[in-house]
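A short write-up of the structure that comes next.
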Amino acid sequence: MEGSLISGKTKVCGIIGDPIEHTMSPVMHNSAFKELGIDGRYLPFRVRAADLGEAIGGLRALHIRGLNVTIPHKTAVIPFLDKLDPSAERIDAVNTIVNDDGVLTGYNTDAAGFLQALLEKGIEPAGKNVVVLGAGGAAKGISFILAERGAHPVILNRHPGRAEELARRIAQALKKEIKARPLSEADLAAALAKADILVNTTSVGMVPGTEDTPVPAKLLRPGLVVFDIVYNPIQTRLLREAEAAGARTIDGLAMLVWQGALAFEKWTGRKAPVDLMRETAVKALGA
Ligand code: ATR
């Protein structure tokens, strides 16, 4: 039976990372395969940094259809691939690999999933002022895709040197001026006064620090869209206070689900059952 037993034709996908035990991706993808009656399975693979090249060789040798790539391999995997999507190349990070008969192409559906989570709520970032909190790996993809889309991101980070470095890289790649500031209350207040969208890419508010927030509640207001990419908990203190202030909110699960949905569509050529993938992830989070 399609979608139930593993057969000789079962297509295999998976995720590589280290650690890998906490990933939500297997439940999301396997529920999607089952829902659509696709004879496929998605497995977690713990791959140590020193074994990354061998793991990608295995992907070719075993004809695995595709992989997601997570910490710490998103940039290190690039030299082992044959082709790179232009956006993934600019971001310098890959979270999805598609194996077309041994030709491996890398994509960044983290960034595309972030954009999709905005668009599905009817929010078009082109031309908008966006405050991005953080300058790590997640901020990189998000700031690039916002700038590519025609938004005006301002990057605020606790260590402002990292924000400046990221702004410089985007400016160089896209020939656009990007602002960088320290994550101080005064800079936050000034940036938020002109902002349409606020995105938190820092880990502030994530378990176990759920009573922390990167933004004082008094700076939140109606008319602002607040997107917190933290998904554990799904409703962070930032989102709770944003909602109470009359702002529109988008949670991190939306981005997680969309990055998965876009990868699923590349591997299968089918439209992903996004609502089901979200429900499954919510259940797996125990929320
Ligand atoms: P990721 O790949 O998930 O973005 P990362 O590269 O470790 O992870 O980046 C984490 C981000 O959260 C950084 O921007 C970090 O700020 P610094 O670059 O100044 O370290 C930010 N961050 C983490 N803890 C923070 C805190 N307590 N207050 C403010 N920013 C914090």
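One-based numbering, in listed order, for ligands and for the atoms of each.
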Original post:
Ring centroid separation for Phe264 and Phe33, is it under 6.0 angstrom?
Top reply: yes

Subject >> Nearest candidate to atom 20 (O) of ligand 1, where distance is taken over non-hydrogen atoms, out of Arg158, Lys140, Met206 >> reply: Arg158

Original post:
Considering only the protein, which heavy-atom contact is closest to atom 9 (O) of ligand 1, and what is its distance?
Top reply: Gly136 CA, 3.6 Å

Original post:
Can a salt bridge be assigned to the pair Arg240 and Glu211 using a cut-off of 4.0 Å between side-chain N and carboxylate O?
Top reply: yes

Original post:
Would Arg60 and Asp82 pass as an ion pair if we require N to O under 4.0 Å?
Top reply: yes

Original post:
Out of Val230, Asp212, Asn157, whose heavy atom is nearest to atom 14 (O) of ligand 1?
Top reply: Asn157

**OP:** Could you walk me through whether Lys140 and Glu165 pass salt bridge (charged side-chain N to carboxylate O under 4.0 Å, His left out), step by step?
**Re:** CA-CA 10 Å; Lys140 186 160 72 167; Glu165 161 81 35; over 6 Å; no

Original post:
Among all protein non-hydrogen atoms, which one is nearest to atom 3 (O) of ligand 1, and what is the separation to 0.1 Å?
Top reply: Ala138 CB, 4.3 Å

**OP:** Give the single entry among Ala93, Gly137, Ala139 that approaches atom 2 (O) of ligand 1 most closely by any heavy atom.
**Re:** Gly137

**OP:** Measure Arg162 to ligand 1 on non-hydrogen atoms and call it side chain, backbone, both or neither using the 4.0 Å cut-off.
**Re:** side chain

**OP:** For Ser203, take its heavy atoms, then give the atoms of ligand 1 lying under 4.0 Å from any of them.
**Re:** 12 (O), 23 (C), 24 (N)

Subject >> Pair Asp92, Thr75: side-chain N/O donor-acceptor within cut-off below 3.5 Å >> reply: no

Original post:
For Thr109 and Asn95, does a side-chain donor sit closer than 3.5 Å to a side-chain acceptor?
Top reply: yes

**OP:** Indicate yes or no: does Glu148 engage Arg90 in a salt bridge with an N to O separation below 4.0 Å.
**Re:** yes

Original post:
Considering only heavy atoms of His159, which atoms of ligand 1 have at least one such atom less than 4.0 Å away?
Top reply: 17 (P), 18 (O), 19 (O), 20 (O)

Original post:
So which heavy atom in the protein is nearest atom 11 (C) of ligand 1, and how far is it from that ligand atom?
Top reply: Thr202 CA, 4.1 Å

**OP:** Let me see the working for Asp251 and Arg278 under side chain to side chain contact (heavy atoms under 4.5 Å, CB included), right down to the final yes or no.
**Re:** CA-CA 11 Å; Asp251 62 49; Arg278 182 177 170 103; 2.9 Å; yes

Subject >> Under 3.5 Å: N/O of Gly134 near N/O of ligand 1 >> reply: no

Original post:
Does Ile97 offer a backbone N or O that forms a donor-acceptor pair with the side chain of Trp267 under 3.5 Å?
Top reply: yes

**OP:** Using distance alone, determine whether Val204 and ligand 1 share an N or O pair under 3.5 Å.
**Re:** no

**OP:** Please check if a non-hydrogen protein atom sits closer than 4.0 Å to atom 26 (C) of ligand 1.
**Re:** yes

**OP:** Answer yes if a protein heavy atom lies under 4.0 Å from atom 18 (O) of ligand 1, otherwise answer no.
**Re:** yes

